[in-house]
Number of protein chains: 2
Amino acid sequence: MSSQAQKGACLSLGKETRCMTCSLSSLCLPLSLNLEDIDQLDRIIKRRQPLKKGDHLFRQGDNFDSVYAVRSGSLKNYIMTNDGEEQITNFHLPSELVGLDGVDCSSYPVSSKALETTTVCEIPYSRLQNLAQELPDLRNQIFSSMSKEIRDDKQMMLLLSKKNAEERIATFLANLSSRFKRRGYSAYTFRLPMSRNEIGNYLGLAVETVSRVFTRFQTLQLIAVNGKEVHITDRQQLQQVAGVTECEIEQPSKLIAS
Amino acid sequence: MSSQAQKGACLSLGKETRCMTCSLSSLCLPLSLNLEDIDQLDRIIKRRQPLKKGDHLFRQGDNFDSVYAVRSGSLKNYIMTNDGEEQITNFHLPSELVGLDGVDCSSYPVSSKALETTTVCEIPYSRLQNLAQELPDLRNQIFSSMSKEIRDDKQMMLLLSKKNAEERIATFLANLSSRFKRRGYSAYTFRLPMSRNEIGNYLGLAVETVSRVFTRFQTLQLIAVNGKEVHITDRQQLQQVAGVTECEIEQPSKLIAS
DNA sequence: ACAAGTAGTTGAGTTGAATCAAGCTTGCTA
DNA sequence: TAGCAAGCTTGATTCAACTCAACTACTTGT
């Protein structure tokens, strides 16, 4: 478990860790920043102590000062409803940026909590802002990340407003599969970092429904599940149930493609 | 109808229209750009011929080249599902920016269609990008708009995944009310620019359900409806049904507040 | 001014997912 | 390693919203 969590982390840990040598840099900095630019970015990034499962990276209402890149582990972001219920708005895997939705607020509009032992790179926003002025590529990268988040959110709205339970879960699994694949893990066998409860919360379904659909998908030979371990037996069929074509699941951005 | 649509438009129409004299500038450019900055922005903005009801501002897949500010009228943005159904992701009222979710794509990820006669200011993205490099305030303004959109999207997810039909419609009406108020219209009496069908599509409800809830709200003396004309009789109660506090409906951004 | 189509309302019946309830499994800790 | 709590699964029942259907009220075009 610990070894799996480390796979996505930087090659050399400790104080000497640099963006330039980080195995994630091609994902969290997909544009071709030149070496000098990377070096500048490197200098403002703080490496933090790992978060333990259940620790908060930040809480809704906390003073907004930094954005974060996940290095290993995973996070859930959630907002609170008036009656104290939580609504999960996102799960974050290694290389993904967290906290950009706080940019124009004095405080974070969501809470972010570790689902397992998790390490992040902290990027103080005020310094990022200064740096963005000098580095057009970096600035575009931030625009790009935000714009991707907006697009993903629209897809999520579609899911929540039009898809039934089976389609939601198929979409969720196919999406996770693509994200793991992109990060060099298997697209077919992976471990869910979140509970059934959290999946249901995120997808707008009751836990029981999540459980039932998992069982149904196993009967249909689409997946094989053992606790949190998932094996996708028929990826194509799963994507068909999801009602999406491959490219919709994780659309490569213009900048990555070029 | 036409006169109402014009209220939000620039004070002087025609070729001489300038951001500086536009009654919307405090909304679409809420930060304190200095006069020189506004002048620079002014030079890159194109005023377009009004769109007629049903005209597209752009279509999903169109080459991304500009973002737009609505001057008068209204737009709906929508994505297409695989089976050709549309999912409305947003309605846009005067002063709101449209098209920012295309920033890191070569093409718009959504379509945008006029709900009535609508005028927009076109801002060519390549030139905005150059300008953003020189004007930190403008750059922050763009970050800010995108980040607000992300926050709104999260609230929409909460609505779609946790709220029932009554809560959804109350939230929708309370939100529109706040947006009209902010633009100098009445918060209590306004005209819905969209059909019941479009409201249902947006909120993840059947048309019939929208209609029934409208009727129920009238019986409860929360609102009075006559076709597309809505009068809010008990705003406080409506907000209570919506399950939000006033500030959540249209959260002022840090930049506007400061 | 009228016909025809579109948008909105209302009622009846159906249904997919929620809720309630109970049993099972896993993992922690004392 | 026994005992307990939390997470997960499965079944039975309920219910909010959907679908289908019929009717009414507006538009719009000729």
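What you are looking at is a predicted structure, and each value in this text was computed from that prediction instead of being measured. Order of the sequence lines fixes the chain letters, A, B, ..., with proteins taken first and strands second; residue numbering starts at 1 for each chain.
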Distance in angstrom units between [X] [atom1] and [N] [atom2], rounded:
X	N	atom1	atom2	value
B/R196	D/dC26	CZ	C1'	12 Å
A/K162	C/dG16	NZ	P	18 Å
A/N226	C/dT25	CG	C1'	11 Å
B/L160	C/dA17	CG	P	15 Å
A/R191	C/dT26	CZ	C1'	12 Å
B/K228	C/dA7	NZ	C1'	8 Å
B/N197	C/dT6	CG	C1'	11 Å
B/F214	C/dT10	CZ	C1'	16 Å

Which nucleotide in the list [options] gets nearest to the side chain of [X]?
X	options	answer
B/T215	C/dT10, C/dA17, C/dA18	C/dT10
B/N164	C/dA17, D/dA17, C/dT9	D/dA17
B/E208	D/dC18, C/dT19, C/dG11	C/dG11

Legend entry - Distance-only donor-acceptor test (3.5 Å): side chain B/R216, base C/dT9: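 Looking at the base of C/dT9, it does not pair with any donor or acceptor on the side chain of B/R216 (distance under 3.5 Å).
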Inset, instruction - Would you mind telling me which residue lines up with the more 5' stretch of DNA chain D, B/E166 or B/K53, judged by nearest nucleotide? - result: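 Its nearest nucleotide lies further toward 5', so the answer is B/E166.
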Legend entry - Distance in Å, B/L205 CG paired with B/E166 CD, rounded so as to fall on 0.5 Å steps: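 Reported value, rounded in 0.5 Å steps: 11.0 Å.
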Legend entry - Interatomic spacing from CG in A/L203 to OG1 in A/T171 - rounded to 0.5 Å: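 Those atoms lie 8.5 Å apart.
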Phosphate-side-chain proximity, [X] and [N], N/O vs OP1/OP2 below 4.0 Å:
X	N	value
A/S211	D/dC8	no
A/S195	D/dA6	no
B/R212	C/dT10	no

Legend entry - A/R179 versus A/N175, side-chain donor and acceptor atoms under 3.5 Å: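 Yes - a donor-acceptor pair under 3.5 Å links their side chains.
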Legend entry - Ring centers of B/F64, B/Y108 separated by less than 6.0 Å: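 Centroid separation for B/F64 and B/Y108: below 6.0 Å.
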Legend entry - Which atom of A/S74 lies closest to which atom of A/L93, heavy atoms considered: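 Closest approach of A/S74 to A/L93, heavy atoms only: CB-CD2, 4.2 Å.
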